[in-house]
Every structure is written in C-alpha cells, then in structure tokens.
2 protein chains.
Amino acid sequence: MKNIVETLKTLKLKVTPARIAILEIFSISDKPLSVEIIAKRMKDKQINQVTIYRTIESLVSAGIVGRIDLRRDAIFYELIDEHHHHHIVCTKCGLLEDFETCQIEEVSKNIILKSKKFKMIQDHSFELFGICNSCSRKNV
Amino acid sequence: MKNIVETLKTLKLKVTPARIAILEIFSISDKPLSVEIIAKRMKDKQINQVTIYRTIESLVSAGIVGRIDLRRDAIFYELIDEHHHHHIVCTKCGLLEDFETCQIEEVSKNIILKSKKFKMIQDHSFELFGICNSCSRKNV
DNA sequence: TTTCAATTGCAAGTCGATTGCATTTGAGTT
DNA sequence: AACTCAAATGCAATCGACTTGCAATTGAAA
Ligand SMILES: [Mn+2]
Ligand SMILES: [Mn+2]
Ligand SMILES: [Zn+2]
Ligand SMILES: [Zn+2]
C-alpha cells in the first residue's frame, strides 16, 4: 500500500482518522487481523469499536480489504494483496502460513462452462486447515 | 446415507431421536442446511434448538457432517458426500450450485512440499461467490 | 433390571456484531 | 474564510447465533 491518503482519495472515500489508522495497522501487518486485534493495536488513537467495524466494512466494500473465515473465534481481515494468496491455518494454535497456488482461474473457468445457474464468479474462499509442526510435536 | 441407525452404531454414537431426526433431514436434502432450517423441518418431532446444536456438533466430530461458511447469516452443514464437492453461492439470493473439481490433491501436495510450518493438511474450505443468472437479470 | 455416562430441555449467559440517534467533521461550494 | 450537508463518529442499547450450567431423562451395556 503506497500512500494511504492517496489510496482513500482514489477510492472516493473520505480521509478520516479511523480509516488512516486502520489502514496503517493493516499495512504494517503481514497477517490477517480481527477487529479485536486491530482495537488493541490502536496505540493512543482511541477509536470506538463500532467505528472499527464500520470502517472495515467501508474498506471491504471499496474492495481493498478482504474478509477471511479462518475457523477461529472471529472474522479476520487483510489488505487485498497484489499477490493473490490464501492461508494454511493450524487448528490448534492458529499459526498461519500463506500460499499462492490456488488455480482459481482454471477451476472457475471450468465451472462457469458447466454451470446453468451462474455465468460469473466474483470471489472465492480457499483456506487449508491442519496441525502445524510445533503443535504436532506437543501431543504425541 | 444407507441406514441411519446402522451408521450411528458404526460410529459408536448413541441412537437417539435427535440424531435420527437430524440425519433424516440431512439425507433428504441436497443442500447445506442451517440450524434454523433444520429446526423448521422438524415436523412433529419438536426437538430443542440447543439439542440441534449439540447433535450437529457430535455429527461434525464424528466426521459425517461438514461445516460450511457460505457468507450468509449462519453456518451451514451438510452430510459429507462420497463425491467430494464445494459450492457456488449467489451473494444476492443464496442460490446454490455444487461443483466437484477442486484439485485439492495437487494443490495441497505442492503446498506441503514448500511449507516449513506444516507437514499435513486435514481439511479445506473452498467456495465460490457470484451473482446467479436470475439475480443478474433483475438489476440491470 | 440395574447402572451410569451420554443426552436432553430449560433458562440464563456470552460475545461478536448491528442499530438508532444526536453530534461532529471532511470536503466541496460559495 | 465561512457555509453546507452527507458521511462519519461515539455512546448506549440491542440483536442473535451460539454456548453453558444444571437437573432430569434415557440409551445401551452389564
Ligand atoms: Mn495473508
Ligand atoms: Mn453440497
Ligand atoms: Zn485464490
Ligand atoms: Zn475440495
């Protein structure tokens, strides 16, 4: 994410303290974040939790933030990366790793060809779940 | 699903009215169901909603029911089919279509080879989201 | 039929997320 | 630089999917 203010202007979103703060937190992190985590990372800023929810919603609608179900206790969000990717999640401890090969182009092309009900796919979820090496060692 | 009672016995799960009723509803349906939908389909049975939650949990743990996030208002569940498959969901109306090509074998093999944190993948989510033909026609 | 862990129903609780409303503010207009 | 107003914000209340505690019931093994 180059310049946050410029990005917001390009998207025709008002440049507000909440949007700047949240986009800053996202751009520093290389991992998906929950609302709870974002709230904790607001140092001095002090932004209402409802505002965080609403701000994230606006960023998701604008198409620069993605929503991910990692099968944990809350929804996670991350900046939509130039490198399209997904995640492997440890179902014990939540450890994350990215992966980039999802072959969505071929798969969705194929599916659209066969489908009678859909002509267009906008989005997809694809996450892998397993036990990480560290957790595997723990319960032998 | 062949015989429900036999299935439960094989899984060493007690044969209870709730399990039978819920497995019956699942086996009749070709679509994922939410707890709310399942509750509505209980004709005369009258089973407490908490019991439905707990029963589904036991079936998920037993490995015969799968949990799916279709980005709707609740979690959906379906019998784990002999034909591994996923879904395309209309983000407007919720219309569903199945697809079977997900190439999980190749993809996960590749990922495990590269990964330093994971040696094993247990499960995956993969759902496609779009607008169905019917909804596309509606808002031109 | 005796036994007991598993299951169930009911009520209450949890908690992430949403909503209503009055106030403030970003940013375009004069 | 002041004016204007839709959008954004904070606070409190609320929603609603889901969970939990507990006493009563029941499936199934002995
Ligand atoms: Mn990521
Ligand atoms: Mn299905
Ligand atoms: Zn992908
Ligand atoms: Zn698959």
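When the local axes at the two ends of the helix from dT1(C)-dA30(D) to dT30(C)-dA1(D) are compared, using 5 base pairs at each end, they differ in direction by 40° after rounding to 10°.
When each of Val5(B), Ile28(B), Ile64(B) is checked for a side chain to side chain contact (heavy atoms under 4.5 Å, CB included) with Leu23(B), only Ile64(B) meets the rule.
Taking atom OH of Tyr53(A) as the reference point, atom P of dC15(C) lies 12 Å away to the nearest angstrom.
The ring pair (Phe, Tyr, Trp, His ring centres under 6.0 Å) check on His124(B) picks up His84(B), His86(B), with sequence neighbours excluded.
A donor-acceptor pair is defined here as one N or O able to donate and one able to accept, closer than 3.5 Å; no such pair exists between the side chain of Ser29(A) and the backbone of Phe26(A). Side-chain atoms of Glu97(B) do not come within 3.5 Å of backbone N or O of Ile88(B) as any donor-acceptor pair. Side-chain atoms of His83(B) do not come within 3.5 Å of backbone N or O of Asp81(B) as any donor-acceptor pair. Side-chain atoms of Arg19(B) come within 3.5 Å of backbone N or O of Lys14(B) as a donor-acceptor pair.
Look at Lys40(B) and Glu36(B) and you find a salt bridge, because one of the NZ, NE, NH1 or NH2 atoms lies within 4.0 Å of a carboxylate O, short of that distance.
Residue-to-nucleotide proximity on DNA chain D shows that, of Lys9(B) and Glu57(B), the 5′-proximal contact is made by Glu57(B).
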Reading 5' to 3' through nucleotides 5-12 of chain C, protein heavy-atom contacts under 4.0 Å coded B for base, S for sugar-phosphate only, - for none: BBSBBBB-
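Using a 4.0 Å cut-off on heavy atoms, none of the residues of residues 65-75 of chain A approach DNA chain D.
Atom CG of residue Leu128(A) and atom CD1 of residue Ile104(B) lie 5.0 Å apart, to the nearest 0.5 angstrom. For the atom pair Met120(B) CE and Ser108(B) OG, the distance stands at 12.0 Å (nearest 0.5 Å). How far CD1 of Ile80(A) is from CG of Asp123(A): 7.5 Å, rounded to the nearest 0.5 Å. For the atom pair CD1 of Ile20(B) and OG1 of Thr7(B), the computed distance is 10.5 Å after rounding to the nearest 0.5 Å.
The outermost nucleotides of DNA chain D lying under 4.0 Å from heavy atoms of chain B, listed 5' to 3', are dA17(D) to dA28(D).
Ring pair Phe126(A)/Phe99(A) is perpendicular by interplanar angle, where above 60° counts as perpendicular and below 30° as parallel.
The hydrophobic cluster containing Val50(A), built from Ile/Leu/Val/Met/Phe/Trp/Tyr side-chain heavy atoms closer than 4.5 Å, comprises no other residue.
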